[in-house]
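One structure below.
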Amino acid sequence: MSGSAPRPVRRRTFVLGSAAAAGSAALAGPLATTASAASFGYTDDGSNYVIDTGANLVFKVSKTNGDLTSLVYKGTEYQGYGGKNSHVESGLGTSTVTIAQSGSTILVSVAYGTLLHYYAARSGENNVYLWTNKADTSVSATRYIVRVKAGLFLNDEPDSYTYAPTTIEASDVFQKSDGQTRSKHYSKLRVIDYDYVGWTTGSVGLWVVRSNHEKASGGPFYRSLLRHQSADGGGLYEILYYGENQTEAQRFGLQGPYVIALTDGGAPSSSLYPGTLSTSWADSLGISGYVAASGRGRVAGVGISGRDTAYAYTVGLANSGAQYWGSARASDGYYSIPGVLPGTYTLTVFKGELAVYTTSVTVTAGATTTLNTIAIPSSNDPSNASAIWRIGNWDGTPSGFKNADLMTYAHPSDVRASAWTGNVVIGSGSETSAFPAYIWKDVNSGLLVYFKLTAAQAAAAHTLRIGVTTAYANGRPQVTVNSWVSSIPSPPTQPSTRSLTVGSYRGNNNTFTYSVPASAWLTDTSQYNVLKIDVVSGSGTTAFLSAGTSIDAIDLLA
């Protein structure tokens, strides 16, 4: 049976239904502990709690370790591959597992050391609601994985490696016989781009609807595992904390709900999406760390001036305990971010993925913090600087550069990638599309840019800027202009893991500036000046795992 990837639904605002600081409060709260005799209810088979939602879904939770051991929809078992269950991380050890029913809700509570995990079922729904409360680093708890049996939703999407038998990097990047690459890393999507992931056969859909990610890390543009598919089966992920190319410290506390949703082939109901999900029914369940809507606030802004209307703008809130974001309206920059935990946050305005304004904002429970129009100073957007020439534009991404789009769902060695080498001539009209999105020390270091200057321009010193979005193994650019050679810049703070080869250019945006003296330019204005860009580093290995960096923009200021 074959399936196809869902078309992601783009939503850019968050409504929160849960989550605050971790704790060790009673797991079941006020719920009664008696089973229901109706079709909606639960039984105990000795090893598992068996929950019947009273619709078309029956699932089991292990009484020993809190694993999801069965997921039966309309009589078909979907859970499990390779002898493994669905669970937090790779499975918890011996845990305290309890169950309780109150009216139309059943709650299963799992306690493993300081980690608390919950499953909830609602009468008449084909959904499983999940929360995970991670209090500290004693448990890895970076994910929840729904393991799906083989043969039910096989596909050949970028994040599938069913038909890719050759391993080309680590143990998780594969190459098909036609030269195309596959990996569980190649989801294409940033967090802000999707509400759910999964598969459909046309008659059955199995999805994970993500949480609001208020306790995750990395912000709205972060990329992490979403799903994978192999000959052994498939996996759908809710990432609680992912260390690959991570830009922020780990946050702790209750995260969720996220939802396992079964459908008759269509997308999950929009009422489950993180922008619209209401969980008022969970307010009295006693979930540790849960904060109801009444205990949250909202941030709203009248507008944002000084925007470049060619770009989408996002407003983010972040502190050590939580993160949120919302889209700025294209017409005037109005934004609204509801469901925010009380506290003081750094508010950041992003042009594309580039931070162009920051301020501080305080949120209180039950209130709206209203901000007047934010005026972005012209100097905050590097695109506003007068330039003799510019390759790309300053938006915090390598968008427009050669191979940029492909790199979110393929390995750099993929047969579909254009040659990573190639020099550019300013004035050719194809400067950006001809310039590689990524530069590696061992692959294409030494790229050349040819340009002419007027006599007046050649008589003055100028600033050269190179913007990068991330770097691997401390790769950073050193430049040579004709015979003038810059010093080697210090490496900026960047993630220490793989990035460029696993579908992500998202690190910490950084601008390298080089003060090029007038003596560096050619005095003959009919001749091309030559800029050479090398990647330098004492780290990295070889080929596409040598030191490298992703390009945002390059310009020579007037």
Side-chain angles (χ1 to χ4, degrees), residues 1-8 78 80-84 145-189 193-194 197-202 204-206 223-237 244-245 398 401-422 433-434 436-444 472 497-505 540-546 548 550:
M1 187 176 296
S2 63
S4 58
R7 183 178 180 181
Y78 286 89
Y81 68 82
K84 297 180 180 180
I145 179 171
V146 180
R147 300 186 187 272
V148 184
K149 292 179 66 175
L152 298 176
F153 299 103
L154 290 180
N155 60 48
D156 185 24
E157 296 296 327
D159 51 5
S160 161
Y161 50 94
T162 301
Y163 306 111
T166 304
T167 304
I168 60 171
E169 183 177 300
S171 60
D172 56 10
V173 183
F174 304 84
Q175 186 179 70
K176 295 173 58 181
S177 58
D178 64 3
Q180 292 191 12
T181 52
R182 298 288 186 266
S183 175
K184 62 185 179 181
H185 298 286
Y186 298 153
S187 68
K188 299 185 182 182
L189 303 176
D193 295 328
Y194 74 96
V197 294
W199 300 284
T200 180
T201 66
V204 174
L206 175 57
R223 299 173 189 268
S224 66
L225 302 185
L226 299 185
R227 65 178 188 174
H228 78 266
Q229 186 70 261
S230 71
D232 297 328
L236 300 178
Y237 298 92
E244 194 92 51
N245 210 31
F401 285 90
K402 183 164 62 174
N403 295 326
D405 290 342
L406 178 65
M407 288 302 95
T408 63
Y409 61 94
H411 191 267
S413 65
D414 194 286
V415 68
R416 293 166 292 179
S418 299
W420 286 104
T421 54
S433 61
Y438 299 165
I439 308 176
W440 290 270
K441 183 178 180 181
D442 202 33
V443 175
N444 57 348
Y472 176 68
T497 60
R498 290 180 298 167
S499 54
L500 307 180
T501 60
V502 290
S504 179
Y505 57 77
T541 57
T542 60
F544 295 109
L545 288 178
S546 64
S550 170

Note to self: For Ala417, is there any backbone N or O sitting under 3.5 Å from a side-chain donor or acceptor partner on Asn403?
What the structure shows: no
Next item on the list: Indicate the atoms forming the closest heavy-atom contact of Pro436 with Phe401, along with that distance.
Entry: O-CD2, 4.0 Å
Notebook entry, point to check: Shortest non-hydrogen contact from Leu500 to Pro412?
Noted result: O-CG, 3.9 Å
Next item on the list: Please check if the side chain of Asn444 supplies one atom and the backbone of Thr421 the other of a donor-acceptor pair under 3.5 Å.
Entry: no
Checklist line | Value rounded to 0.5 Å, distance of OG in Ser224 from OH in Tyr237 | finding: 10.5 Å
Checklist line | Interatomic spacing from CG in Asp172 to NE2 in His228 - rounded to 0.5 Å | finding: 11.0 Å
Next item on the list: May I ask you to check whether over 12 heavy atoms, not counting those of Lys176, lie within 6.0 Å of atom NZ?
Entry: yes
Checklist line | NE2-CZ distance between His411 and Arg416, expressed to the nearest 0.5 angstrom | finding: 12.5 Å
Next item on the list: For the pair Arg182 and Asp156, evaluate side-chain contact (heavy atoms from CB on, under 4.5 Å) and give the outcome as yes or no after the intermediate values.
Entry: CA-CA 9 Å; Arg182 298 288 186 266; Asp156 185 24; 3.0 Å; yes
Next item on the list: Calculate, to the nearest 0.5 Å, the distance between atoms CD and OH belonging to Gln180 and Tyr186 respectively.
Entry: 12.0 Å
Notebook entry, point to check: Which pair of non-hydrogen atoms, one from Leu236 and one from Val197, has the smallest distance, and what is that distance?
Noted result: CD1-O, 4.2 Å
Check: Can Asp159 and Lys188 be counted as an ion pair, charged N to O under 4.0 angstrom?
Finding: no
Next item on the list: Mind telling me whether Trp440 and Trp420 have parallel, tilted or perpendicular rings, with 30° and 60° as the class edges?
Entry: perpendicular
Checklist line | Spatial distance of atom OG (Ser183) from atom CZ (Phe174) [nearest 0.5 Å] | finding: 7.0 Å
Next item on the list: Say whether, by atom type as modelled, one donor and one acceptor occur between the side chain of Gln229 and the main chain of Glu157 under 3.5 angstrom.
Entry: no
Note to self: If you define the side chain from C-beta out and look only at heavy atoms, does anything of Arg498 sit under 4.5 Å from Val173?
What the structure shows: yes
Next item on the list: Quick one: pull up CG in Asp414 and CG in Asp178 and give me the separation to the nearest 0.5 Å.
Entry: 8.0 Å
Note to self: Quick check on side-chain hydrogen bond (donor to acceptor under 3.5 Å, both in side chains): which of Thr497, Asn245, Thr408 does Ser504 satisfy it with?
What the structure shows: Asn245
Item checked: For Asp232, side chain to side chain contact (heavy atoms under 4.5 Å, CB included) partners two or more places apart -> Tyr81, Ser230
Check: How far apart are the closest heavy atoms of Leu225 and Lys184, and which atoms are they?
Finding: CD2-O, 3.6 Å
Checklist line | Test item: Val204 and Phe153 side chains (from C-beta on) under 4.5 Å apart, heavy atoms | finding: yes
Note to self: Between Tyr472 and Leu545, is the side-chain contact (heavy atoms from CB on, under 4.5 Å) condition met? List the steps.
What the structure shows: CA-CA 8 Å; Tyr472 176 68; Leu545 288 178; 4.1 Å; yes
Notebook entry, point to check: Does Met407 reach the side chain of Tyr438, with side-chain heavy atoms less than 4.5 Å apart?
Noted result: yes
Margin query: Under a 3.5 Å distance rule, please check whether Lys402 uses its side chain to pair with a backbone N or O of Ala419 as donor and acceptor.
Written below: yes
Margin query: Going by the rule side-chain hydrogen bond (donor to acceptor under 3.5 Å, both in side chains), which residues pair with Thr501 if we only count those two or more places apart in sequence or in a different chain?
Written below: Glu169
Next item on the list: List the steps, then state whether side-chain contact (heavy atoms from CB on, under 4.5 Å) holds for Tyr78 with Val146.
Entry: CA-CA 10 Å; Tyr78 286 89; Val146 180; over 6 Å; no
